[in-house]
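Structure record follows, encoded as structure tokens.
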4 protein chains.
Amino acid sequence: MKRNRPKYMQIIDAAVVVIAEKGYHQAQVSKIAKQAGVADGTIYLYFRNKEDILISLFQEKMGNFIELIEGKIAGKTTAVEKLLMLVESHLEWVAGDSHLAIVTQLELRQSNKDLRLKINDVLKGYLKLIDKIVVEGIERDEFRKNLDVRLARQMIFGTIDETVTTWVMSDAKYDLLSLAGPLHQMLVNGCGYQTAGN
Amino acid sequence: MKRNRPKYMQIIDAAVVVIAEKGYHQAQVSKIAKQAGVADGTIYLYFRNKEDILISLFQEKMGNFIELIEGKIAGKTTAVEKLLMLVESHLEWVAGDSHLAIVTQLELRQSNKDLRLKINDVLKGYLKLIDKIVVEGIERDEFRKNLDVRLARQMIFGTIDETVTTWVMSDAKYDLLSLAGPLHQMLVNGCGYQTAGN
Amino acid sequence: MKRNRPKYMQIIDAAVVVIAEKGYHQAQVSKIAKQAGVADGTIYLYFRNKEDILISLFQEKMGNFIELIEGKIAGKTTAVEKLLMLVESHLEWVAGDSHLAIVTQLELRQSNKDLRLKINDVLKGYLKLIDKIVVEGIERDEFRKNLDVRLARQMIFGTIDETVTTWVMSDAKYDLLSLAGPLHQMLVNGCGYQTAGN
Amino acid sequence: MKRNRPKYMQIIDAAVVVIAEKGYHQAQVSKIAKQAGVADGTIYLYFRNKEDILISLFQEKMGNFIELIEGKIAGKTTAVEKLLMLVESHLEWVAGDSHLAIVTQLELRQSNKDLRLKINDVLKGYLKLIDKIVVEGIERDEFRKNLDVRLARQMIFGTIDETVTTWVMSDAKYDLLSLAGPLHQMLVNGCGYQTAGN
DNA sequence: TATGAATGAGTGTTCATTCAT
DNA sequence: AATGAATGAACACTCATTCAT
């Protein structure tokens, strides 16, 4: 169960590939093992069970992403700028790894309730990040004073998520990154920020 | 396969109850048959297969809902008013049938990709309705001229969906209907509409 | 799970054959199903799980045997005669169904502790029968007054069981039934009964 | 594979502990290795395979026991006295090492047929010892002239074995040693010996 | 129409054994 | 001699669907 050995990430990356290409329900442990170039049994030296592979996958990938964004945001002053950075980073992250995008946006959502609850725990870190930006925006008078933080967070996350899911389901037929600007404008307007062109 | 016989809706309603109470992965055909008071084999006189039950369920329930909203919206003049009506109706619909809410917001999303694609077909009718309101809002100068219709639609649907999902996952612990006003304000602001209090 | 349908006994008899011929650890459910002439899944319409097949097997076969002996014994007057009847019946039963003998004497004993505990429950009926004969023998002054009933029962059962197991492990090379007389004499002597030839 | 190195007995003793505490089916090689304080692979420097550990265990422990009894019996004159010594020694041996008792009476019997045949080879030394006492008893006119030696041996071994097994399965709740006298009386009576109190 | 007994394909996980170091 | 990471074969059980009645 040593999570710092090379085979740990090797198996997780193999799981991403197999799930993305074959789909969640066709991602048998034996297929993941084959893709990772290890024996079936070796999987269980690094993960408790199949579910543990999927949770670990989400934690590693989403966890890294959240840390990445936190770093990028730290350099920005206003909530509006921070939100732009978050939107851009999110779209870049998704567009940069199509396999991972398919896995997190489509395939992993068909998992059972237990797994989804654990995935939600990981997501909470991301939602808290959004909350912090919204609260800051209100305090700095960038956003409406009477803005409901939870609703604003649900708008920001729901909109980005829906945008990304639509894009993934379209087989990435159009340019996702160019949507960052317009998307950002909608979200800050929704938060009560008055953009110039309005 | 006659869809107008009483047992057709009887089976669909049984499916809603079973899925809501037991969860998607515990909703075996035999359980649905038992709940509907028919034999397992009878199911296959009305539906091609299990997937067909779920698609039909979504079509019947969501189809009714779309028709309902279309009627309500027809009586409104402005896009802003129409959007408020849509948000209110959506929240009322969800809050009014907790079984159906659990099924559509949580359980049916665990279905495989094929089923989800077919569910999306049904949703398209709803998304078109939103598109129509957005286009009208732009033409009537209520919304920004340069508003991206697809993005606006994704914001509106994504935000409502995320709000409802969060509420369902919280076991409906708070009042959903009272969120309609604030939710609506965020969405129209996002579309470039200047509300009074801003 | 209806235990009075023909397939119930059909599956149990198939299990006896497969276990006797292939051994306990090679008696996969699929082999039993094939031998019974039914599909794998059909097994589970009649038994909860594999363990349930084995317990039921023991209950049906041993249960019948105990009833059989009880009937035969009822016709006898003295404890000595009853014990002879029990020994003869036991040896006849075993010698009459070599498959069943292998299963109960050798194969089923390799089962796990849970299963063995349940098998012991069934055996208790047999042990109680022995106890009754011993108690009667003491009361009727056929056996020693100070005979320890539990020890006598362990001698009677242990001796018969060891005799039968040795015979089964020898591949039934010699005549088992002819041992009934000498075996019986030893046991009643052990209980304090004075046989003529002594 | 040198059986006189310290680790040989170290591993056997570890096997006794692990099997007694966890049960036969939970006694994985890795657990035995851990208990013995050696690496998994080291086991295979001293034993051909897992079965070889168990056979060796039985040989070492039972072999010692047989030698012990042979010595004790040598000092006795009559077959009746020798049998008493055997019964007492057997019960003392079992009662003195509860781990070993569990292993030999309960756990090792769940092994497969091959292993049981090899265990029987070890037991033959014990059975021959019993045979010798019985033959001597007949020759010395202590036992019946027409006593069947094999049956007598099966009675003696089967009775002791059943008594011990029942005691072990009862979690050693009562005093086993005090049964030696009554047990012995039953056995010699069974062999045709007339005890005083009869 | 309606029934429900029967079907049979499909998979996560364990653990004795090996072998490069 | 000793290690322990890696191997890979093996199997009980579920449930959507069928079809004889």
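Order of the sequence lines sets the chain letters (A, B, ...), proteins ahead of strands, with each chain counted from 1.
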Legend entry - side-chain hydrogen bond (donor to acceptor under 3.5 Å, both in side chains) partners of D/Gln35, counting only residues at least two apart: none

Inset, instruction - Enter the inter-axis angle for the ends of the helix from E/dA2-F/dT21 to E/dT21-F/dA2 (five pairs per end, rounded to 10°). - result: 10°

Legend entry - 5'-most by nearest nucleotide on DNA chain F - B/His25 or A/Ala39: A/Ala39

Inset, instruction - Using side-chain hydrogen bond (donor to acceptor under 3.5 Å, both in side chains) as the criterion, list what pairs up with B/Thr165, not counting sequence neighbours. - result: B/Gln105

Legend entry - Distance in Å, D/Ile11 CD1 paired with D/Leu57 CG, rounded so as to fall on 0.5 Å steps: 12.0 Å

Legend entry - B/Leu45 side-chain proximity, nearest of E/dT3, F/dC11, E/dT17: E/dT3

Inset, instruction - List for me each residue that meets side-chain hydrogen bond (donor to acceptor under 3.5 Å, both in side chains) alongside B/Ser111, sequence neighbours excluded, and say none if there are none. - result: none

Inset, instruction - Would you mind telling me which residue lines up with the more 5' stretch of DNA chain E, A/Ala27 or D/Asn49, judged by nearest nucleotide? - result: A/Ala27

Inset, instruction - Grab the NZ-C1' distance between C/Lys22 and F/dC11 for me, whole Å please. - result: 16 Å

Inset, instruction - Please list, chain by chain and in numerical order, all residues satisfying side chain to side chain contact (heavy atoms under 4.5 Å, CB included) with B/Asn112, sequence neighbours excluded. - result: A/His25, A/Gln110, B/Glu51, B/Asp114, B/Leu115

Inset, instruction - Would you indicate which nucleotide in E/dA16, E/dT7, F/dT17 comes nearest to any side-chain atom of B/Lys50? - result: F/dT17

Inset, instruction - Run the salt-bridge test on D/Asp121 and D/Lys124 with the 4.0 Å N-O cut-off and return the result as yes or no. - result: yes

Inset, instruction - Name the residue closer to the 5' end of DNA chain E, choosing between A/Glu51 and C/Thr42 according to the nucleotide with the nearest heavy atom. - result: C/Thr42

Legend entry - Of all pairs that satisfy side-chain hydrogen bond (donor to acceptor under 3.5 Å, both in side chains), the ones with a partner from residues 10-21 of chain B, not counting sequence neighbours: B/Asp13-B/Lys61

Legend entry - Which residues share a side chain to side chain contact (heavy atoms under 4.5 Å, CB included) with B/Asn64, sequence neighbours left out: none

Inset, instruction - Round to the nearest Å and state the distance from B/Asn112 atom CG to F/dA16 atom P. - result: 13 Å

Legend entry - Interatomic distance, D/Phe47 CZ vs E/dT17 P [rounded to whole Å]: 13 Å

Inset, instruction - Send over the distance from A/Ile43 CD1 to E/dT14 C1', rounded to a whole Å. - result: 14 Å

Inset, instruction - Go through the structure and list residues passing ring pair (Phe, Tyr, Trp, His ring centres under 6.0 Å) with C/Phe65, not counting sequence neighbours. - result: C/His90, C/Trp93, C/Tyr126

Legend entry - Which nucleotide in E/dT13, E/dC15, F/dT7 has an atom nearest any side-chain atom of A/Val38: F/dT7

Legend entry - Under 4.0 angstrom between A/Lys7 side-chain N/O and F/dA6 OP1 or OP2: yes

Inset, instruction - Let me know the distance between OH of A/Tyr8 and P of F/dA5, rounded to the nearest Å. - result: 17 Å

Inset, instruction - Please name all residues satisfying side chain to side chain contact (heavy atoms under 4.5 Å, CB included) with A/Asp40, sequence neighbours left out, ordered by chain then number. - result: A/Ser30, A/Ala33

Inset, instruction - Send over the distance from D/Ile53 CD1 to E/dA16 C1', rounded to a whole Å. - result: 10 Å

Legend entry - N or O in side chain of D/Tyr46 less than 4.0 angstrom from F/dA2 OP1/OP2: yes

Legend entry - Under the side chain to side chain contact (heavy atoms under 4.5 Å, CB included) test, residues paired with D/Ser98 that sit two or more places apart: none

Legend entry - Pair D/Asp161 + D/Arg109: basic N to acidic O under 4.0 Å: yes

Identify the pairs formed between an N or O of the protein and an N or O of nucleotides 18-21 of chain E at a distance under 3.5 Å, and give each distance.
none

Inset, instruction - Within residues 28-37 of chain B, find the residues that approach DNA chain F with a heavy atom at under 4.0 Å, and present them sorted by residue number. - result: B/Gln28, B/Val29

